[in-house]
There are 2 protein chains.
Amino acid sequence: MGAGTASLRDVAELAGVSITTVSHVLNDVPGKRIAAKTRQRVRSAAAQLEYRPNKLAQGLRSQRSYSLGFVSDLVATTPYAVRMVLGAQEAAANLGYLLFLVTSGGDQDLEAQQLRALLDRQVDGLLYASMFHRVVEPPALLEAAPVVLLNARCADGRYSSVLPDETGGAWAAVEELARQGHKRIGFLHNELDIPARSLRMRGYQEALAAHGIDFDPELVWCGEDAPGGYAAARELLDRPECPTALFCFTDRMAMGAYQAAQELGLRIPHDLSIVGFDDQEVVSAGLRPGLTTMALPHYEMGRWAVTELMKRIDAGSDVPPTHALLDCPLVHRESVAAPREAR
Amino acid sequence: MGAGTASLRDVAELAGVSITTVSHVLNDVPGKRIAAKTRQRVRSAAAQLEYRPNKLAQGLRSQRSYSLGFVSDLVATTPYAVRMVLGAQEAAANLGYLLFLVTSGGDQDLEAQQLRALLDRQVDGLLYASMFHRVVEPPALLEAAPVVLLNARCADGRYSSVLPDETGGAWAAVEELARQGHKRIGFLHNELDIPARSLRMRGYQEALAAHGIDFDPELVWCGEDAPGGYAAARELLDRPECPTALFCFTDRMAMGAYQAAQELGLRIPHDLSIVGFDDQEVVSAGLRPGLTTMALPHYEMGRWAVTELMKRIDAGSDVPPTHALLDCPLVHRESVAAPREAR
DNA sequence: TAATAGTGCCAAAACGTTTGGGCAAATACT
DNA sequence: AGTATTTGCCCAAACGTTTTGGCACTATTA
């Protein structure tokens with residue numbers, strides 16, 4: 001009844017064989033001829049001592065630490081990003097891997113220091129994650145191990161990357177509204193210089209076009225977070241020819257839009273349909289009525305990244321990088337209905 | 001210009017000394033007499049080769065892996081808990097430690113499996129974290145390493161633990177309202193069987209008592225999340241003698257209360273003051289007006305936990321466990337004012 | 001000059017694995 | 001019976017460190 005501290009030697013001694021043999025048996029090394037009886041003896045000795053291999057020693061010897069580094073700019077304020085970590089962690093666990101989690105807070109020196117700490121521990125690969133979709137300039141240290149970019153891509157496409165399909169998401173959101181018969185669909189847009197900005201704009205425009213609706217720049221208004229969403233929505237809804245539906249860049253902006261609608265006496269979805277983006281549950285499920293919104297596939301991206309990273313670890317760095325775009329599923333709640341006019 | 005893959009032997013060769021000497025120099029081993037010149041030579045050789053010690057080898061030899069395990073039930077849906085991880089991670093990084101992050105999702109077998117994976121990697125200690133404050137029954141495997149309980153405690157107090165001061169937080173929240181002159185302070189309470197429930201209730205009652213206000217069970221109504229908060233608030237506010245202020249168990253319930261208030265034509269904070277709990281920023285900063293609320297000291301708890309864990313790692317398990325209660329700071333926004341009657 | 005003390009360095013074992021190259025004994029062929 | 005083959009196992013080196021216990025010099029002292 002070992003306290004889990006038994007070594008290969010202890011097992012060997014108890015089984016009356018050499019360390020080599022124990023190793024061969026426990027690892028099922030192919031091509032090694034060992035009598036069934038001996039195997040049995042070894043296994044039961046190992047079981048009896050509750051033998052567990054020391055991963056440090058294993059890693060030292062076989063150049064495989066079975067651990068990965070998850071590097072992210074800031075895990076802090078962004079709640080949904082947690083699902084990225086979770087997806088990665090679960091996928092890793094299934095393969096016998098563990099994740100080192102480090103955050104740089106955006107500080108380059110700190111990031112380098114953390115990366116070195118990871119490499120010192122001989123991680124087999126790195127997940128370089130951004131908390132919001134962006135183009136990154138990966139630090140030189142990343143060269144030292146297989147890498148996959150998560151929720152980010154680099155300008156030269158050198159590393160594999162996985163991103164949400166922003167355009168497709170925006171497209172589907174607007175499609176959902178257009179299908180209900182909406183013609184005047186406002187867009188509560190973001191003003192940050194991030195890829196999602198132009199990508200979702202594209203989706204918005206293309207979906208409009210697909211439904212034969214002319215793009216009207218007057219129906220696009222920028223802002224940020226709930227206050228920005230509120231202001232932008234007031235702006236759009238205070239007009240004579242106001243939109244019957246709003247597509248919001250984030251759930252938080254949608255939250256602001258709800259407030260504006262309420263103040264103006266517009267009932268959702270009767271007088272105004274709203275679709276958000278992010279499926280930030282505290283907001284989308286907390287609002288009344290529940291907010292129909294596009295979910296970001298954070299969990300799936302985390303999983304994808306690990307799977308891809310494994311391929312690269314196993315195959316060496318000669319395989320060309322892959323770039324994935326994952327779907328943003330529509331989450332139906334109660335904020336969308338046909339426009340009044342169409343009823 | 002080594003690719004970071006130089007070993008002690010390479011440095012020794014380049015400096016023309018033995019491995020031993022290099023180790024002594026680079027580790028500043030006290031009591032070792034080595035000529036200043038030699039030291040210089042070794043250091044510059046190490047620098048030139050960009051030598052970095054292999055932590056696997058170090059750990060194997062010196063029984064210190066400089067890594068910790070962060071075990072949590074589920075990192076998933078709960079966004080604020082992220083700050084716990086962050087606090088732990090930053091504190092660990094400052095001490096040269098890295099964090100392995102694992103989540104069990106509440107599954108006992110999976111948890112055991114993950115714990116073993118951590119122990120296999122010879123972690124120096126474990127952070128056993130709960131995503132919401134609760135009493136846990138720690139698995140037997142925790143015995144195998146120093147442990148600190150994070151946002152949790154065990155019934156027998158065997159392990160060190162750190163928790164938010166729920167009672168103090170509730171006390172301060174109600175105090176904030178009472179100080180403004182509110183006499184009828186409703187409590188939108190939770191109905192789950194968790195420690196926070198009775199602890200906050202105690203804070204609520206004590207603060208009332210401190211202000212000479214009689215506790216009125218009629219002013220306490222249970223529910224959960226935004227919908228529950230909405231329902232409970234409707235219940236309380238629809239009366240003739242309705243409360244002038246609401247203390248909400250969570251920000252999400254407060255969100256529901258906002259909706260109820262809006263429907264009833266009550267303006268916040270003019271007609272109704274509200275204090276929440278959690279400081280879940282998407283909600284508290286997203287509501288109009290901003291929600292005054294009690295923040296949970298997740299970040300600080302994370303920090304405290306690794307500090308405590310370090311003590312226990314360094315001191316052996318003979319030092320008695322410590323149990324900390326950390327303050328919940330009040331976050332002022334715009335949802336509190338004096339009651340109308342008092343103006 | 002010889003004993004003593006101090007200085008500067010190193011060899012080797014150990015941590016717990018994996019793995020290539022064995023070598024005896026048992027079995028199969030001629 | 002003698003050779004070839006197979007079976008079953010083990011030795012020892014290696015991974016990259018830390019650490020103990022020296023050993024060979026040089027400098028000091030008597």
* Select base, sugar-phosphate, or nothing to describe what B:Lys32 touches, counting heavy atoms under 4.0 Å on all strands. => base

* Any B:Gln58 side-chain N or O less than 4.0 Å from OP1/OP2 of D:dG16 -> no

* To do: Please determine if a side-chain N or O atom of B:Arg9 lies less than 4.0 Å away from the OP1 or OP2 oxygen of D:dC15.
  => yes

* Do the side-chain N and O atoms of A:Ser104 and A:Gln114 include a donor-acceptor pair separated by under 3.5 angstrom? -> no

* Send over the distance from A:Gln63 CD to D:dG16 P, rounded to a whole Å. => 6 Å

* Nearest-Å distance, OH (A:Tyr51) to P (C:dG16)? -> 10 Å

* Check: C:dT18 base within 3.5 Å donor-acceptor of A:Arg61 side chain -> yes

* Asked: For D:dC10, does either OP1 or OP2 sit under 4.0 Å from a side-chain N or O belonging to A:Thr21?
  -> yes

* Output yes when at least one side-chain N/O atom of B:Thr20 is less than 4.0 Å from OP1 or OP2 of C:dC10, else no. => no

* To do: Over all heavy atoms of both residues, which pair between A:Leu119 and A:Ala145 is shortest? Give the atoms and the distance, please.
  => CD2-CB, 4.1 Å

* Structure fact -> Taken to the nearest whole Å, CZ/B:Arg41 to P/C:dC9 is 7 Å

* Can you establish whether the number of heavy atoms outside B:Arg9 located under 6.0 Å from its atom CZ is more than 12? => no

* Side-chain N,O (A:Asn27) to OP1/OP2 (C:dT18) below 4.0 Å -> yes

* To do: In whole angstrom, give the distance that lies between atom CD of A:Gln40 and atom P of D:dC9.
  => 13 Å

* Between A:Tyr66 and C:dT17, does any side-chain N or O lie under 4.0 Å from OP1 or OP2? -> no

* Asked: How many Å lie between CG on A:Leu8 and P on C:dA14, as a whole number?
  -> 17 Å

* When we call it a touch if two heavy atoms are under 4.0 Å apart, what does B:Ile34 touch: a base, just sugar-phosphate, or nothing? -> sugar-phosphate

* Asked: Rounded to whole angstrom units, what separation is found between the CG atom of B:Asn54 and the P atom of C:dG16?
  -> 16 Å

* Within the structure, does a side-chain N or O atom of A:Ser62 lie under 4.0 Å from either OP1 or OP2 of C:dT17? -> no

* Give A:Ser7 one of three labels, base, sugar-phosphate or nothing, depending on what nucleic acid heavy atoms sit under 4.0 Å from its own. => sugar-phosphate

* Can a donor-acceptor pair be found between the side chains of B:Glu90 and B:Tyr299 at a distance below 3.5 Å? -> yes

* To do: Give a yes-or-no answer on whether the side chains of B:Arg64 and B:Tyr97 include a donor-acceptor pair shorter than 3.5 Å.
  => yes

* Structure fact -> Taken to the nearest whole Å, NZ/A:Lys55 to C1'/C:dT18 is 13 Å

* Asked: Mapping A:Arg33 and A:Val29 to their closest nucleotides on DNA chain C, which lands nearer the 5' end?
  -> A:Val29

* **B:His24, nearest nucleotide to its side chain (from D:dT18, C:dC9, D:dT20)** => D:dT20

* Asked: Looking at residues at least two apart in the chain, or sitting in another chain, which of them share a ring-ring contact (aromatic ring centres under 6.0 Å, His included) with A:Tyr159?
  -> none

* Asked: Given atom CG of A:Leu60 and atom C1' of C:dT19, what is their separation to the nearest angstrom?
  -> 14 Å

* Look at all strands and tell whether B:Ile19 reaches a base, only sugar-phosphate, or nothing, counting heavy atoms closer than 4.0 Å. => base

